[in-house]
K.L.:
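Below you will find the structure I want to go over with you.
The shown structure was predicted, so the numbers you read here are calculated from the model rather than taken from an experiment.
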2 protein chains.
Amino acid sequence: MRASERAYQTLREEILDWSLLPGTVLAEVEQSERLGVSRTPLREALGRLGAEGLTRTARGRGVVVSDISLEDVDELFELRETLEGKAAALAAERGDSTVFGELHEELLAAPGLISEADPARHDYYELVGRLDEAIDSAISNSYLAQAVRSLRVHLVRVRRLAADDATRLTAAAAEHAAIAEAIASGNPRLAEAATTLHLHRSLSHIKATHTPR
Amino acid sequence: MRASERAYQTLREEILDWSLLPGTVLAEVEQSERLGVSRTPLREALGRLGAEGLTRTARGRGVVVSDISLEDVDELFELRETLEGKAAALAAERGDSTVFGELHEELLAAPGLISEADPARHDYYELVGRLDEAIDSAISNSYLAQAVRSLRVHLVRVRRLAADDATRLTAAAAEHAAIAEAIASGNPRLAEAATTLHLHRSLSHIKATHTPR
DNA sequence: CATGCAGCAAATGTATACATAGGCCGACGT
DNA sequence: ACGTCGGCCTATGTATACATTTGCTGCATG
C-alpha cells in the first residue's frame, strides 16, 4: 500500500475514534516521523483529511483536528435529515424490493445481535452499514451518494458523544427495520417519514445522554 | 500567492470553462511545466480537484478531467433540488428580511442588466451569485452551505451545456426574484416551492436546448 | 509599564533527485 | 499470423534539501 494511503487511513481512524482529540495540532515533521513516512505523502494525507472536513488549517499553527460541538450536531442532523430522507425516498422508488425485504427481516432480528459479549456492537453496526450501502446503491445518483457518504464521516465522530446503550440500540434497530420495510414496499413518502422519525430520535438521544465535559 | 493555489485556480478555471475538455489527461510533468510550478504543488492542486470531483484518476493513465453527461445533469439537479430547496426554506426562517428584500428589488430590475453589450452576462451572474451567498450565510449551517457550494462547482460546468439566451435569463431573473421575495416574506414553504419551480425550469431549458455533440 | 520593532527559530511551502511500478513495443515461439 | 513474454522507458510515488514565511521572544523606547 502507498505511504500516503497508510498515513491517511491511520490519521482518519485516530480522528474518528477520538484518539486524536479536536484541537490537536498535526505538525508535519512530528506526524511523518510518528507514522514512518516522509513529509510529502503525509501532506497529501492531511490534504485529504482537510477536504473531508476532519481537519482545518489554523493560520500559523498548521493543521489541527476539527472541533465538533453540540451545535455542529444540530447542523449535521439538519443536513442529514434532508439528504437521508431524499435518499430513502429514491430508494423506495428505484430499489430492489427483495433486497430491502431481506434487510427488513434481518433488522427485526437485530436485537439478538446486541449482546453483552460484544461491547463494540460490531455485528449490529455491520448490519446497519449494509442498509446504508443498499440505499446508496439503490438511489442511482452518484452525487447524492457522495454527499451522504461525506456526511456520514462526521456522524461516526458524533456517535461517540452518545451513550449507545442496549435499550437505545434495540429501539434504533426497530426504526431501521421500519425504514427498510417502507423502502421494500416502494412507498417514497413512507420511507422518508420513517427516516425522519429515526433521525429525530437519534438526535434526541444524543442530546439527552450527552454529558458536557 | 502560493504556487499550489495558482495551479489549482488555473486548472479549475480551465476545467469549468471547458478549455480542458472531459477526458483530457493531466500528466504531472506536462502540467507543472506548462503552469510554471514544480510537481509537488501541482500534485496538491490535482488532489484538490479530485476531491471536488472535477478530475478522477484513471488507472494507469494518471489524472483525467471528469466526464459530465446529460445523465449527470439529471443527478445533479435531483440533489440540487433537495439541497437548495432546504437552503431556501432555512433562509426564509432565519434570514434577514431586509437583505432579501433588497435583492428582490435588484432582481426585478435584472432584465436591464442583460444587454447585448455583455455576452458573458457578467453583471447578471454577479447578482445571482450574491443571492446564493446571501442564502448560504442566512442558513447558519456550515455543513449544508458546504454541500451546496461543492454542488455549484459542477453546475458551473453544466451551464455551458445550455444556451443562455436573453429570453431564458429574463425568465430566470423573475424566478430568482420570486425566491428572494419568498425568503424576505419569511415563508419557508413558499421559498422552497419557488426554488423547486426555478430548478425545474432551468433543467427543462438545459434539456430542451442541448445539442448533442 | 506597555507597546512596537527587530532578530531568531521553527514551521510550512517548494524544488528536485531518486526509486519503483506499470504500460508499451518488439521479438520470438507456436 | 497471432499470442505471449521480456525488457525498456516513462510515468507516478517518495524522500530530502532548500527557501520562505510567520510567530515568538527580548530589548528598547515612549
Side-chain angles (χ1 to χ4, degrees), chain A residues 1-16 19-68 146 150 153, chain B residues 1-16 19-68 142 146 149-150 153:
Chain A
M1 189 184 283
R2 298 196 308 226
S4 62
E5 186 67 23
R6 276 205 323 268
Y8 167 74
Q9 300 268 359
T10 305
L11 289 170
R12 189 173 185 274
E13 289 274 324
E14 290 175 344
I15 293 172
L16 290 185
S19 305
L20 291 171
L21 296 174
T24 307
V25 177
L26 301 177
E28 293 182 4
V29 272
E30 176 194 2
Q31 295 300 317
S32 67
E33 286 173 2
R34 183 174 74 89
L35 300 176
V37 300
S38 81
R39 280 180 58 215
T40 306
L42 184 99
R43 278 172 69 91
E44 186 176 321
L46 291 179
R48 290 173 66 182
L49 293 170
E52 281 183 294
L54 291 177
T55 62
R56 59 187 172 80
T57 57
R59 150 101 189 154
R61 277 194 310 169
V63 173
V64 301
V65 178
S66 298
D67 199 20
I68 191 156
Q146 176 59 33
S150 76
V153 173
Chain B
M1 187 185 282
R2 299 194 309 222
S4 62
E5 186 68 22
R6 278 205 322 268
Y8 168 72
Q9 300 268 358
T10 305
L11 287 171
R12 189 173 185 273
E13 289 275 324
E14 290 175 344
I15 292 172
L16 291 185
S19 304
L20 291 171
L21 297 174
T24 306
V25 177
L26 301 178
E28 292 183 4
V29 269
E30 176 195 2
Q31 294 299 317
S32 66
E33 285 172 3
R34 183 174 74 91
L35 301 175
V37 300
S38 79
R39 280 181 56 215
T40 306
L42 184 99
R43 278 172 70 90
E44 186 175 321
L46 291 179
R48 289 172 66 183
L49 293 170
E52 282 184 293
L54 291 178
T55 61
R56 59 188 171 79
T57 57
R59 148 100 190 156
R61 279 194 310 169
V63 172
V64 300
V65 178
S66 297
D67 200 20
I68 192 157
S142 59
Q146 176 58 34
R149 268 194 297 269
S150 75
V153 173

K.L.:
Should B/Gln31 and B/Arg34 be marked as a side chain to side chain donor-acceptor pair (under 3.5 Å) after you check the CA-CA gap, both sets of side-chain angles, and the distance that decides it?
P.N.:
CA-CA 5 Å; B/Gln31 294 299 317; B/Arg34 183 174 74 91; 2.9 Å; yes
K.L.:
Check B/Arg149 with B/Glu52, please: is the shortest side-chain N to carboxylate O separation under 4.0 Å?
P.N.:
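The answer is no: the pair does not qualify as a salt bridge.
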K.L.:
Please confirm whether the backbone N or O of A/Leu54 pairs with a side-chain atom of A/Ser66, one donor and one acceptor, at under 3.5 Å?
P.N.:
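Between the backbone of A/Leu54 and the side chain of A/Ser66 there is a qualifying donor-acceptor contact (under 3.5 Å).
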K.L.:
Show the numbers, then the answer: is there a side-chain contact (heavy atoms from CB on, under 4.5 Å) between B/Val65 and B/Leu21?
P.N.:
CA-CA 7 Å; B/Val65 178; B/Leu21 297 174; over 6 Å; no
K.L.:
Using a cutoff of under 3.5 Å, can you pull out all pairs of nitrogen or oxygen atoms linking the protein to nucleotides 8-13 of chain C, with atom names and distances?
P.N.:
from	atom 1	to	atom 2	distance (Å)
C/dT12	OP1	A/Glu28	N	3.2
C/dT12	OP2	A/Glu28	N	3.3
C/dG13	OP1	B/Arg2	NH1	3.0
C/dG13	OP2	A/Arg43	NH1	2.9
C/dG13	OP2	A/Arg43	NH2	3.2
C/dG13	N7	A/Arg39	NH2	2.9
C/dG13	O6	A/Arg39	NH1	3.0

K.L.:
Set out, in order, the CA-CA distance, both residues' side-chain angles and the distance that settles side-chain contact (heavy atoms from CB on, under 4.5 Å) for A/Leu11 and A/Leu46, then state yes or no.
P.N.:
CA-CA 8 Å; A/Leu11 289 170; A/Leu46 291 179; 4.1 Å; yes
K.L.:
Identify the 5'-most and 3'-most nucleotides of DNA chain D with at least one atom closer than 4.0 Å to a non-hydrogen atom of chain B.
P.N.:
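Footprint of chain B along DNA chain D, 5' to 3': D/dT12 to D/dT14.
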K.L.:
Under the side-chain hydrogen bond (donor to acceptor under 3.5 Å, both in side chains) rule, collect the residues that match up with A/Glu33, sequence neighbours excluded.
P.N.:
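Counting only residues at least two positions away or on another chain, A/Glu33 forms no side-chain hydrogen bond (donor to acceptor under 3.5 Å, both in side chains).
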K.L.:
Are A/Glu5 and A/Arg12 ion-paired here, with the side-chain N under 4.0 Å from a carboxylate O?
P.N.:
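Judged by the 4.0 Å cut-off on N to carboxylate O distance, A/Glu5 and A/Arg12 do not form a salt bridge.
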